[in-house]
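The next block holds one structure in the form of C-alpha cells; read it before the comments.
The sequence lines fix the lettering, A, B, ..., with proteins before strands; numbering per chain opens at 1. Note that the structure is a prediction, hence the values are computed from the model and not measured.
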Amino acid sequence: MTKPKFKTNNQNRNLAGHPILALIDQCSDRSQVKQVHAQMLRIGLFFDPYSASRLITLCTLSTFSPDIEYTRKVFDQIPQPNLYTWNTLIRAYASSPNPTQSILIFSQMLHEFPDPPNKFTFPFLIKAASEICDLRQGELFHGMAIKASLDSDVYILNSLIHFYAACGDLNQAYKLFLKIPKRDVVSWNSMITGFAQADCPDEALELFREMEEENMKPNDVTMVSVLSACSKKSNLAFGRWVHSYIEKNGIEESLILNNAILDMYIKCGSLEEAKRIFDKMPERDPISWTTMLVGYTSFGEFDAAHHVFNEMPSQDIAAWNSLISAYEQSGQPRQALAIFHELQLSKKAKPDQVTLVSTLSACAQLGATDLGGWIHVYVKKQGLKLNCHLTTSLIDMYAKCGDLEKALEVFQFAERKDVYVWSAMIAGLAMHGRGRDAIDLFLDMQEAKVKPNEVTFTNVLCACSHAGLVEEGKLYFNQMLPVYGIAPQMKHYGCMVDILGRAGLLEEAMELIEKMPIVPGASVWGALLGACRTHGNIGLAEQACNRLLELEPRNHGAYVLLSNIYAKFGKWDGVSRLRKLMRDSGIKKEPGCSLIEVDGVVHEFLVGDNSHSLSKMIYSKLDEIASRLKLIGYVPNKSQLLQDVEEEDVKEQALFLHSEKLAIAYGLISTNPPAPVRIVKNLRVCGDCHSVAKLISRLYDREILLRDRYRFHHFKGGHCSCMDYW
DNA sequence: CTAGGGTTAG
C-alpha cells in the first residue's frame, strides 16, 4: 500500500527531544500508549520519523505484544517512514508470534522504499528466519547480505550463527564462527548456545574452554549456556565448579542466571543445593518456581511438588504441564489425567500443545480412547496448530488405543511430517503386526527425504520381528551403519536377536551376540531367553538367564521366563528351585493388570480381582463363558499357570481369574457390538488367555482388541492377527 | 541491531 505524502515539517526535528517522549518509557498499559499516541498526533510529533519509531518500539514491548495489529496501524499512519522506521517494524514482527510477517514487511519495503536494507535490517530478518526455522529463507538473506557487502558485520554474522544453529545446521554455524575475523562475546555465546541446545554439551564446554584460552571474558549469558550444557551432562562435580567459577569471576548475577543454576543442580541430581539457591534468590519468577516443582517430581516427591505448585504466586500453563508430564512420565497416567481434569475445571490456564501432548501420552498408556478422541476434537475446535509433537502424540495415542485407521488418517493429513511423526506411524503399524506396511512406510519416508534416526530403526526392526520378516530385518540392520551412518545400539541388537530367535535361528542369534561390538546388555539376553522359550531350548535358556541375572539380579521377568520353559518340559524340580530362589531374594513377579475404558472411565483389574462394583455380574459372566467353552472342547493350558511362580495352589480356577479374562467379561457386559472390546494389559498376554480370547471372539461374535506389553492382538472369528506368533 | 532460564512426541 502507498502512504499519504505529507511534507515533513522541519520543526519536527526539534521535537525529537520533546518531553512527551520521556512519557513513552513510563507507559504500562495499552490505554496509556494510546494517550501518548494521541498527544503525538496532536502536536505533530508523530510525523517525526524518530519519535514515531519510538512509539512503534513501545507498542512491541512484551506486555503489549498481543497488540501487534495496533503497531501495524501506527506504522501505516506514518507518512514517510524512513529506513529506521521500517527496521523497527521488521524487528517488532521478528519477535512476535508471527515472524513470517516480518519477512512480508521486508518485501513490501523493497517495493515501496528506495533505499536498500542496511546492516540493521539483516539481523532482524535473520532472526525471523530462525524463529520459523526456514533454512531457505535465511540462506537467501545471507546471500543478500553478501551482495550488499555486509557479510563481515559482526552483528549479522552472529545472527547467522544463531540462525544456522537453530535450523540444525551446526556445521555451517561453526564454519561462520571460524571465519569471523574479530569475534566478540556474542559470537562465542551464540556458538556455545547453539551446541548446548543441539544436545552437543561436550562441544559447548570445549568451546567455553577455548574461549578462556583466548582470554575472551565470559558474561552471564555465556554462563547460562555453559550451565545448560552441564545439566545435559548430569555432571554434578563439573556443575559445582561452574557455579563457583561464576562467583569467583564476578559474573553479574541475574534472575535468568540463577534459574539456570537452579536447573543445573536439579538436573545433576542435587535437590539440596537447588533448594539452598532457591531460598536465597533475591527475585523469583514462574520459571524459578517451576524448576523447583520439576525438581521435586524428578525425585518422586509429588507431595512436595504439589506444595510448590500451590505456593507459587501464579500457576501458568507451563507449571500445570510440568505436573501432568511428571505423572505421565513416571508411569502414573491416571494422576496425569486427574491434573488435566483439574486444570479444565479451574480454568486458570488454557491448555496448550504441550498440555495435550502429555495428556495424549497418558491416554495412550491407559488405552483411554474416549478422552484421546475428545482431545483430538478439542485441538480442532480450539484451532490449535498441529505441530509435529502433537501429530506424533495423536498418532501414538490412536495406535496404542487400537484405532490404527484413525492413526493413519492423522498421519495422512499432517501438514508437516518430521522423523518423529514418521517413526510413530511405523511403530503403530509394527505393533499391529503390519510389518510389510511398516517397511513400505519406511521407504516412503526416504522418498520424502526425511532422514531416519535410531528410533526409526528400532521401530522398523520391531515391525520385522512382529511380522516374522527375517530377511528384511537383516537387510535393514546391516544397512544401518554403512548406509545411514547410525551405529546399532543395544536396543537394535535386542530387536535383531528377537527376529532371529523367533524364527528359530537360535545359533545365528547367539553368533550375533558374540560378535557384538558393545557388551551385550539385559535386553539382548532377554530377547534370547524369550526365543528359547518359544523354541524350547533349555540349555541356551539357562545360559541366557544366568547372563541376564548377572546384569540385573532382580529381573523377575528372567525367573518367570525360565520357569515357563522348565514347566513346558515338565522339569518341576527346576520350577521349584527358581521359586525358592525368588522367595529367598524377595523378588516378586510384577502383578498382571488389565485396563478397559467404558464410557470414558478406565477400569482396572488385577488377577482374581473382586473390587469392581459389578464384580458379581463379572464372575457369573465368567462362569457362563467357562461352560460354553467346555462345550466346544476347550482344555485349559495349565503350563501357563506356572508363569506365576508365586502361586502355591495350582488350580484350573486360578487360570480363569487372570486379569485379561476379567476385563473381557466386563467388556462383554458393559459394551455393545459392533464396538470391539478393548483391553490393555501391562504384561505379555498368557497363552491360555490368548486361546480363550480367540474362542470368545467366535462364540460371542465379538471383536476383541488386546494390547499387551509388546503388541496388539485383534481377535476376530476365532483367529488372532498375530497368527499365534508373538 | 546479534546470544540466555522452566513444561512436549518415538
Side-chain angles (χ1 to χ4, degrees), chain A residues 84 87-88 90-91 94 118-127 130 153-163 165-166 184-194 196-197 219-228 231 254-264 266-267 285-295 297 312 316-326 328-329 349 352-361 364 387-397 399-400 418-428 430 452-459 462 491:
Chain A
Y84 184 93
N87 286 344
T88 310
I90 291 170
R91 174 174 69 170
N118 64 5
K119 63 175 182 172
F120 296 103
T121 320
F122 285 102
F124 306 141
L125 287 174
I126 296 165
K127 183 183 170 69
S130 320
D153 180 272
V154 74
Y155 281 83
I156 294 179
L157 283 165
N158 292 345
S159 307
L160 282 169
I161 290 174
H162 173 74
F163 159 73
D184 64 7
V185 67
V186 179
S187 318
W188 287 91
N189 290 351
S190 302
M191 198 63 241
I192 292 175
T193 306
Q197 292 184 345
N219 63 12
D220 52 330
V221 178
T222 322
M223 298 323 292
V224 167
S225 289
V226 169
L227 285 163
S228 149
S231 304
S254 76
L255 175 60
I256 293 181
L257 183 55
N258 278 330
N259 284 342
I261 295 172
L262 262 190
D263 181 60
M264 180 276 293
I266 298 286
K267 298 256 168 69
D285 69 0
I287 296 189
S288 330
W289 287 93
T290 310
T291 306
M292 283 314 289
L293 193 163
V294 170
T297 61
M312 59 196 288
D316 64 3
I317 190 63
W320 286 95
N321 291 346
S322 309
L323 261 187
I324 295 174
S325 151
E328 180 266 313
Q329 297 275 320
D352 63 4
Q353 279 103 335
V354 180
T355 322
L356 302 176
V357 165
S358 301
T359 308
L360 283 168
S361 298
N387 61 19
C388 287
H389 280 270
L390 202 43
T391 307
T392 305
S393 302
L394 274 173
I395 292 171
D396 184 58
M397 180 278 294
K400 288 190 178 149
D418 67 0
V419 60
Y420 296 97
V421 174
W422 284 94
S423 302
M425 196 62 249
I426 291 172
N453 65 12
E454 69 279 1
V455 181
T456 320
F457 277 100
T458 309
N459 298 343
C462 185
K491 51 195 173 190

Nucleotide [N], atom [atom2] - distance to [atom1] of [X] in whole Å:
X: N189(A); N: dA3(B); atom1: CG; atom2: P; value: 11 Å
X: W188(A); N: dT2(B); atom1: CH2; atom2: P; value: 22 Å
X: D153(A); N: dT2(B); atom1: CG; atom2: C1'; value: 9 Å
X: I426(A); N: dG10(B); atom1: CD1; atom2: P; value: 14 Å
X: I192(A); N: dT2(B); atom1: CD1; atom2: C1'; value: 15 Å
X: H389(A); N: dA9(B); atom1: NE2; atom2: P; value: 8 Å
X: L157(A); N: dT2(B); atom1: CG; atom2: C1'; value: 10 Å
X: D263(A); N: dG6(B); atom1: CG; atom2: P; value: 5 Å

Would you tell me if any nitrogen or oxygen in the side chain of [X] comes within less than 4.0 Å of OP1 or OP2 on [N]?
X: Q329(A); N: dA9(B); answer: yes
X: T392(A); N: dG10(B); answer: no
X: K119(A); N: dT2(B); answer: no

In terms of side-chain heavy atoms of [X], which of [options] is nearest?
X: N321(A); options: dA9(B), dT7(B), dG6(B); answer: dT7(B)
X: H162(A); options: dG10(B), dA9(B), dG4(B); answer: dG4(B)
X: S225(A); options: dG4(B), dA9(B), dG10(B); answer: dG4(B)
X: S358(A); options: dG10(B), dG6(B), dT8(B); answer: dT8(B)
X: A318(A); options: dG6(B), dG10(B), dA3(B); answer: dG6(B)
X: V294(A); options: dA3(B), dT7(B), dG10(B); answer: dT7(B)
X: V221(A); options: dG10(B), dG6(B), dA3(B); answer: dA3(B)

Do [X] and [Y] meet the criterion of a side-chain donor-acceptor pair at a distance under 3.5 Å?
X: D396(A); Y: S393(A); answer: no
X: D184(A); Y: S187(A); answer: yes
X: N158(A); Y: N189(A); answer: no

Pair of N/O donor and acceptor under 3.5 Å linking [N] base with [X] side chain:
X: N219(A); N: dA3(B); answer: yes
X: T290(A); N: dG6(B); answer: yes
X: N453(A); N: dG10(B); answer: yes
X: D316(A); N: dG6(B); answer: yes

Any base atoms under 4.0 Å from [X], or only sugar-phosphate, or nothing? Heavy atoms, all strands.
X: D352(A); value: nothing
X: N258(A); value: nothing
X: L255(A); value: base
X: D418(A); value: base
X: A326(A); value: nothing
X: F124(A); value: sugar-phosphate
X: D220(A); value: base
X: T458(A); value: nothing

Indicate the atoms forming the closest heavy-atom contact of [X] with [Y], along with that distance.
X: S322(A); Y: L293(A); result: CB-CD2, 4.1 Å
X: A399(A); Y: G428(A); result: CB-CA, 3.8 Å
X: M312(A); Y: P286(A); result: CE-O, 4.0 Å

- Item | Stacked pair F120(A)-dC1(B), distance under 5.5 Å, angle under 30° |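 Taking the rule of under 5.5 Å and under 30°, the ring of F120(A) does not stack on dC1(B).
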- Do side-chain atoms of S159(A) reach the backbone of Y155(A) as a donor and acceptor pair under 3.5 angstrom?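 Indeed, once roles are kept as given, a pair shorter than 3.5 Å links the two residues.
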